[in-house]
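These notes concern the structure reproduced below.
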2 protein chains.
Amino acid sequence: MARLAVYLRVLGSLADGGLSTISSEALANAAGVNSAKLRKDLSYLGSFGTRGVGYVVEVLRERISTCLGVTEHRSVVLVGIGNLGHALAGYGGFGSRGFRIAGLFDADERRIGENISGLCVRSMDELDAVIARESVSIGVIATPADAAQEVCDRLVAAGVTSILNFAPAVLVVTDIVDVRKVDLAVELQILSFHEQRKAAGLKAVL
Amino acid sequence: MARLAVYLRVLGSLADGGLSTISSEALANAAGVNSAKLRKDLSYLGSFGTRGVGYVVEVLRERISTCLGVTEHRSVVLVGIGNLGHALAGYGGFGSRGFRIAGLFDADERRIGENISGLCVRSMDELDAVIARESVSIGVIATPADAAQEVCDRLVAAGVTSILNFAPAVLVVTDIVDVRKVDLAVELQILSFHEQRKAAGLKAVL
DNA sequence: AGCCGCTTGTGAACGTTGGCACAAAGTCGC
DNA sequence: GCGACTTTGTGCCAACGTTCACAAGCGGCT
Ligand SMILES: NC(=O)c1ccc[n+]([C@@H]2O[C@H](COP(=O)([O-])OP(=O)(O)OC[C@H]3O[C@@H](n4cnc5c(N)ncnc54)[C@H](O)[C@@H]3O)[C@@H](O)[C@H]2O)c1
Ligand SMILES: NC(=O)c1ccc[n+]([C@@H]2O[C@H](COP(=O)([O-])OP(=O)(O)OC[C@H]3O[C@@H](n4cnc5c(N)ncnc54)[C@H](O)[C@@H]3O)[C@@H](O)[C@H]2O)c1
């Protein structure tokens, strides 16, 4: 479930706030979901809440972390260090969530060697070696759409089994490989769709 | 439905490729979905495919565009011009999908006046005026998580009714406002979760 | 013109997800 | 120690999304 990750993030802030236990009700509010749904989600991981009190924040965090598999730090490679790639490479949110950037790669010779917050942009030739050496299982694609499938194939061939794709392209992969895509334009169009609906509703009222 | 936007994008490439009609089967493959699902999606917009032939690409594009409300160019404002904000501001994908960036805003005085591909970073003081003047209905938040709710409130107060949030924070809003969030860490954790499952499955086989 | 094959549109079955509501269980106060 | 209150865990149902399967409709071919 996608919501587990959100719970984990909220629990993080709560732990920083010094709270040691929390009820499903409160956590559900903070995460923006129904409390019953939250309890059902947690019940998938086993039952370890204390009735009448709630959940111990630390225990819960650890349990969810284990389930998500972020206890052992996973390595990711980032391919395509353009506009977006730079932002991702410079983003601190990777490390704090249990992910390590094992390498930055780009096809453009001029970018190779560039240093971004401690990491050096590498040539695509080194991709296979780095993936094998650091046993990378996740690849992030931030290249233009035309190159996405090609890069994807290379990543899969090198042993990557999960891909996060920012390019507006549909990737075809073996079914042992998981692909998630983030498409800004799609998100905006969905919002636009709702705007459209709102406007239509308004007209209907008049 | 979120998939309409994907269909539209795929149709765009197909139109560039010179194709004039397409069957649900082919379009479904290109978009990575089931053909029955695609037909059902399209049937929501009315029935205008030709049996035995398929859909006329141009008609379909126009119909979906109208439905998504991207025919009239929508304006968006972008708040928080840091790492990510720069990438977004410099991204060409907005204009080509029917969105116009009406303004870039940041709280940091040092960023104000900065020029990013033809757009000038403005002070937050001008936010309300720009939103009103250009009748902006969509706001994009790329500030740190702490500032997200505050910025969100300002956007809503100024008249924005749809928000795309990149900050890892849960926003609370009136229910006339739509919020979509893009959270990189959550995406990675979901992939990590599947990796975990794969590893567990592997162990079960042994 | 009539038949044939292809493709759409949709009804019905299915699995999944979300939400209510309540019993079980544990804590806190007295 | 006991009762009352709080909160979890879950059974049940409704709604939604997905998939299959097929009849109806259209174009092309003869
Ligand atoms: N910038 C954004 O805000 C944004 C938002 C959403 C989606 N996207 C998408 O993300 C992708 C990247 O966007 P961008 O703005 O960073 O583009 P960009 O052109 O700035 O960067 C693309 C990078 O990919 C590299 N590249 C090209 N072909 C490659 C290959 N075969 N192998 C390895 N590297 C290769 C290029 O050298 C370049 O550095 C695009 O598909 C874009 O549509 C960008
Ligand atoms: N960089 C990434 O790849 C990435 C990926 C996913 C999510 N995010 C999230 O996106 C957000 C921005 O990331 P970033 O890397 O660009 O951070 P950043 O620190 O580089 O940029 C944040 C910008 O927001 C501005 N800002 C701060 N408070 C503000 C306010 N109250 N009003 C207006 N502007 C304000 C700052 O001046 C700064 O320019 C963060 O929440 C981050 O977690 C970033």
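Each chain gets a letter, A, B and so on, in the order the sequences are listed, and its residues count up from 1.
No donor-acceptor contact under 3.5 angstrom links the side chains of S20(A) and E58(A), judged on distance only. For the 3.5 Å distance criterion, the side chains of D41(A) and Y7(A) qualify, holding a donor opposite an acceptor. When only modelled atom types and interatomic distance are considered, Q149(A) and D153(A) share a side-chain donor-acceptor pair under 3.5 Å. No side-chain donor-acceptor contact under 3.5 Å links S75(B) and E134(B).
Backbone-only engagement by F48(A) is indicated by non-hydrogen atom pairs under 4.0 Å involving sugar-phosphate atoms exclusively.
Per the geometry, CD belonging to E25(B) stands 12 Å off P belonging to dC6(C), to the nearest Å. Summarising the geometry, the separation between CG on N34(B) and C1' on dT8(C) is reported as 14 Å, rounded to the nearest angstrom. Computed from coordinates, the K37(A) NZ to dC20(C) C1' distance equals 13 Å when rounded to whole Å.
When distances run from any side-chain atom of S24(A) to the nucleotides dT8(C), dT8(D), dT10(C), the shortest one goes to dT8(D). Proximity note for S23(B) (side chain, C-beta onward) versus dG18(C), dT19(D), dT8(C): the nearest is dT8(C).
The 5' end of DNA chain C is approached more closely, in terms of each residue's nearest nucleotide, by R39(A) than by the other of T50(A) and R39(A). Across the interface with DNA chain C, nearest-nucleotide mapping of R51(A) and S47(B) shows S47(B) to be the residue nearer the 5′ end.
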